[in-house]
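Chain A is the first sequence line, chain B the second, and so forth, proteins listed ahead of strands; every chain is numbered from 1. Both backbone and side-chain heavy atoms feed into the values below; hydrogens, waters and symmetry mates do not.
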There are 2 protein chains.
Amino acid sequence: MMDLRLPPDVRVTESMREHCPLRDTLDRIGDRWTVIVVVLLRDGPRRFTDLRRAAAGISQRMLTHTLRSLERDGLLTRTVHPTVPPRVDYELTPAGRSLTEPLTALLHWSLRHHEHVRASRASYDDR
Amino acid sequence: MMDLRLPPDVRVTESMREHCPLRDTLDRIGDRWTVIVVVLLRDGPRRFTDLRRAAAGISQRMLTHTLRSLERDGLLTRTVHPTVPPRVDYELTPAGRSLTEPLTALLHWSLRHHEHVRASRASYDDR
DNA sequence: CCGAATCCTGACCGATACTG
DNA sequence: CAGTATCGGTCAGGATTCGG
């Protein structure tokens, strides 16, 4: 596991030594769409096409992939309604909802600092 | 910009409409090592080789790249000490330090939920 | 000790076409 | 409406080597 200088009250288990939890989590949410989808679901369940519209730029394939792997990890549930036409709802589990807290914090950081980063990047590139 | 259902007190500027800040931030920190490096620097400046040891598994090339792009974005400073052998310190700027708050929240989430995710993934894969 | 330059591979992901 | 299947390009990032 990474040397993260954890506070003393964190119990480091055996499995953490082999797979750094932070590394795992970053591999988990570090793809192009996972964070977006989780944030879009933070206010309640949404349908496939609704998510597709809200996550501007995502392809059908990537939305399916993203939702599947979130379901696999127990972060959301998939509910199929046997109607015509079909209707599928996606909703965060409690674990998934708990993830929205750090991600929302990250969203707020990005809103507050995105101008500073843009400016700093531009001035760096001038040289 | 992504339809993120922002709280009404957030002012959405023109530049945000063109470049979604969350998308930008995720592109920024979504690579394999940025978050790790920022977290490793949260308690103060560290040297190159020190970081290389702490970030288990990183290559020299990627550490250099990661540090450069963080410097470019104004999130850390690079200080070269003209000694023999050379010595270079990296330290977060105030903006960089402010980023450690959401990232530390993410670290804590990963420590708390990594077992749940592992278990859920395993049971999903059994079917 | 710190870093630049090259080469190279796998996977991420978009485009497109097709189903119940 | 909500997927699945297939193909292929691009690119992050690892390995290695060389320089100050």
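- Within a 6.0 Å radius of CZ in A:Arg11, other residues, nucleotides and ligands contribute 12 heavy atoms or fewer.
- If B:Met62 and A:Leu67 are placed on DNA chain D by their nearest nucleotide, the residue sitting closer to the 5' end is A:Leu67.
- Between A:Thr49 and the phosphate of D:dA2, there is a side-chain N or O to OP1/OP2 separation shorter than 4.0 Å.
- Between B:Asp31 atom CG and D:dG14 atom C1' there is a gap of 14 Å when expressed in whole angstrom units.
- Side-chain contact check for A:His114 and B:Thr25: no donor-acceptor pair (N or O, by modelled atom type) lies under 3.5 Å.
- One interatomic measurement links the two molecules: NE2 of A:His65 to C1' of C:dA15, which rounds to 14 Å at whole-angstrom precision.
- A sub-4.0 Å separation between OP1 or OP2 of C:dC1 and a side-chain N or O of B:Arg52 is absent.
- Between A:Asp89 and A:Arg87, at least one side-chain N (NZ, or NE/NH1/NH2) sits under 4.0 Å from a carboxylate O, which counts as a salt bridge.
- Distance B:Leu51 CG to C:dG3 C1': 14 Å, rounded to the nearest Å.
- Where B:Arg68 and A:Pro86 each meet DNA chain C at their nearest nucleotide, the meeting point lying more 5' is that of B:Arg68.
- Contact between the side-chain N/O atoms of B:Arg32 and the OP1/OP2 oxygens of D:dG14 is found at a separation under 4.0 Å.
- The interatomic distance linking A:Asp89 (CG) with D:dC1 (P) rounds to 14 Å, in whole Å.
- A:Arg23 has a carboxylate O that lies under 4.0 Å from a charged side-chain N of A:Asp27, or vice versa, which qualifies the two as a salt bridge.
- At a cut-off of 3.5 angstrom, the base of C:dT6 holds at least one donor-acceptor pair with the side chain of B:Arg61.
- Summary of the strand contacts: A:Gln60 and A:Trp33 both lie near DNA chain C, and taking for each the nucleotide with the nearest heavy atom, the more 5' one is attributed to A:Trp33.
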